[in-house]
**Student:** 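Below is a structure I'd like to ask you about.
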Amino acid sequence: MPIEEQKNSEEYSESSIQVLKGLEAVRMRPSMYIGDVGSRGLHHLVYEAVDNSIDEALGGYCKNIEVCINEDGSISIIDDGRGIPTGIMQEEGKSALEVVLTVLHAGGKFDKSNYKVSGGLHGVGISCVNALSESLTAEVRRDGKIYRMRFSRGVALGPIEEAGATDLCGTVITFKPDAQIFTQTTEFSYDILASRLRELAFLNKGISLSIIDKRSTKDDDDGAAEGGVPAHRSDVFFSQDGLKEFVDYLDASREKLIEKPIYLETEKNGVPVEIALQYNSGFSENVHSYVNNINTIEGGTHLSGFRRGLTTTLKNFAEKSGMLAKLKLEIDPADFREGLTAVISVKVAEPQFEGQTKTKLGNNEVTAAVSQAVSAALENYLEENPRDAKLIVDKVVLAATARHAARKAREIVQRKTVLSGAGLPGKLSDCSDRDPARCEIYLVEGDSAGGTAKQGRDKTFQAILPLRGKILNVEKAMEHKIFDSEEIKNIFTALGVTIGTEEDSKALNIAKLRYHKIIIMTDADVDGSHIATLIMTFFFRYMVDLIKNGYLYIATPPLYLVKKGKQEQYCWTEDQRQVAIEEIGRGKDASVHVQRYKGLGEMNAVQLWDTTMNPAYRTLRRVSIESAAEADRIFSMLMGDDVAPRRSFIEAHAKYARIDA
Ligand code: 0RA
């Protein structure tokens with residue numbers, strides 16, 4: 001039943017038209033509001049709803065947030081906050097609930113006391129989610145009552161209703177994304193959502209974030225609980241110690257230098273700053289920065305402030321304590337960050353986001369705030385922990401020494417690339433087109449598969465670079481070893497990418513990149529996926545800009561050929577194989593032949609072209625970084641010394657890994 005009739009129907013229809021115009025704009029150009037209408041945009045809807053609950057939690061009103069993927073593919077975001085207000089707002093003549101759900105950017109309108117610190121990448125508000133949902137139901141528990149309101153594509157299906165009594169408090173938003181908008185997929189990924197909730201739990205200590213997947217567990221063969229009832233996948237993420245635990249989590253597979261992460265939590269010039277950092281025995285820099293819970297993968301002023309604070313403080317300390325006396329070489333700022341894992345989280349009231357993906361913080365005042373916070377805390381730590389201080393400075397000195405050795409090896413790579421054309425690797429079969437936007441390069445495992453690919457390709461735009469066996473594991477090797485590796489030098493020279501400038505020894509120069517599609521093609525078996533992972537790790541650590549620009553891809557060769565007489569069908573999954581056997585095998589003389597492709601080498605050139613290289617039919621998977629922190633952790637685990645976590649990860653994720661076993 002409606003709780004209150006609209007008082008002034010004229011006023012109401014006027015504001016309704018406004019609302020419709022606003023939400024119609026969202027439906028006309030959804031990408032402007034949520035980034036894209038692919039999987040990323042789809043999951044963004046959930047983040048937007050979760051962010052509202054996080055804001056409520058940061059205000060101190062809510063402790064538990066739950067995400068439930070429902071059986072029908074809709075999703076619910078449940079919190080135990082105060083509940084979105086349901087009273088009628090004077091100005092609009094509508095309930096606050098309706099305003100929040102139908103007016104763009106209405107979020108912060110009610111409560112100015114706790115400024116919005118959370119907030120999705122685009123900060124668009126829950127009304128966008130409503131506009132892009134086939135159906136949305138908001139349920140508010142407040143003042144002993146349950147209120148409910150339903151919408152379809154942003155349009156209210158009726159007035160706000162009372163739906164019973166309750167002792168609870170909180171908000172439940174349930175929505176089903178609109179398939180007219182999300183034409184690629186409307187299916188939520190448990191892993192993507194869980195990974196974001198885990199990150200949010202680390203970034204917002206003390207808040208419990210949980211997820212449960214109530215969809216069918218057909219494909220999940222280890223999901224059966226005792227008694228044969230399929231268990232629903234679920235996780236609870238809760239962090240008592242916040243960023244300290246985040247750093248420990250990221251470094252789980254690394255050997256740490258000091259016992260506990262160095263931690264600071266403070267407020268400088270009105271900017272809350274929280275940082276945890278740890279050094280490990282590895283060589284890569286893994287610094288992750290966040291502004292208002294958003295991963296700023298392009299960095300910005302907070303990251304500059306962190307680097308400045310770290311470099312000056314460590315340098316001063318090392319000089320003052322005479323630890324650099326033996327060192328004849330110049331120390332580079334990058335030397336202070338070798339084997340460093342850190343997470344930086346700042347809250348900025350009015351963030352300015354810049355850069356290609358709007359994930360670079362522009363607010364100038366933040367640099368000094370973070371730099372001062374880091375200097376103060378780090379000076380203190382080094383004074384109080386002289387043994388740790390020595391370990392860290394020794395590590396920096398070692399990094400500087402190694403860097404000088406690496407420079408020699410790297411200069412060779414640079415010299416070779418400068419002489420492009422003449423300098424191209426002998427193993428490269430180049431394409432004839434010279435426009436990088438049209439050109440592709442296949443990095444192929446093994447000389448024999450390389451030969452097949454060379455025969456099968458379209459040589460106007462497809463180049464082939466065979467790689468011999470396993471390329472170097474960059475996660476474990478020192479930098480000068482990496483630039484000594486023939487395979488790695490070949491990749492650099494073939495791509496036309498150089499590394500290192502006068503000012504920054506690690507800067508990547510991709511202006512002369514020769515191909516805009518770099519395609520990793522390996523066997524569809526355990527070894528093949530290991531090699532693909534090695535190559536991806538190399539790109540992630542040394543050419544991450546290529547991944548950020550969306551240039552790195554993985555080819556997907558088929559797993560099976562199902563054949564009867566002249567009828568042939570390639571299959572990529574177990575399900576496809578079953579279907580193909582049934583379809584092709586119909587009739588009496590059901591002599592269906594199933595060929596399992598173990599490697600690329602088993603296909604001839606025509607088959608390889610048809611299934612894996614022909615742009616008209618192939619499937620390429622673009623390598624993207626959903627969460628840089630999670631990618632970092634997974635690569636260090638997959639490539640590190642510890643065998644057990646690697647095995648369990650591969651068993652859980654690589655379905656075909658089990659077929660061979
Ligand atoms: C504005 C004011 C108040 C609560 C909220 C918004 C609120 C919004 C969301 C969205 C998801 N969960 C939420 N929980 C709360 C509180 C006003 C008051 O009670 O004084």
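Counting starts at 1 for both ligands and their atoms, in listed order. We count residues from 1, following the sequence as given. Since the structure is predicted, the reported quantities are computational estimates derived from the model, not experimental observations.
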**Student:** Could you tell me which atoms of ligand 1, counted from 1 in the order shown, lie closer than 4.0 angstrom to a heavy atom of Asn52?
**Tutor:** 10 (C), 11 (C)
**Student:** Which pairs would a plain distance check flag for residues 197-209, meaning a side-chain donor or acceptor within less than 3.5 Å of a matching protein atom at least two apart in sequence or in another chain?
**Tutor:**
unit_1	atom_1	unit_2	atom_2	d
Arg198	NE	Tyr249	OH	3.3
Arg198	NH1	Tyr249	OH	3.3
Glu199	OE1	Arg196	NH1	3.0
Glu199	OE2	Tyr290	OH	2.4
Asn204	OD1	Asn293	ND2	3.3
Asn204	ND2	Leu200	O	2.8
Asn204	ND2	Asn293	OD1	3.4
Lys205	NZ	Tyr263	OH	2.9
Lys205	NZ	Glu265	OE1	3.1

**Student:** Heavy atom to atom 12 (N) of ligand 1, shortest distance: which of Ile78, Val140, Leu97, Asp79 holds it?
**Tutor:** Asp79
**Student:** Hey, which atoms in ligand 1 end up nearer than 4.0 Å to a heavy atom of Thr171?
**Tutor:**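 Atoms satisfying the 4.0 Å criterion: 12 (N), 13 (C), 14 (N).
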**Student:** For Arg142, which residues count as a salt bridge (Lys or Arg N to Asp or Glu O under 4.0 Å) partner, sequence neighbours excluded?
**Tutor:**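 Listed in chain order: nothing, the list is empty.
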**Student:** Kindly assign one of parallel, tilted or perpendicular to the pair His43 and Tyr47, based on the angle between their ring planes and the thresholds 30° and 60°.
**Tutor:** tilted
**Student:** Verify, without hydrogens or angle tests, whether Asp213 (side chain) and Arg233 (backbone) share a donor-acceptor contact under 3.5 angstrom.
**Tutor:** no
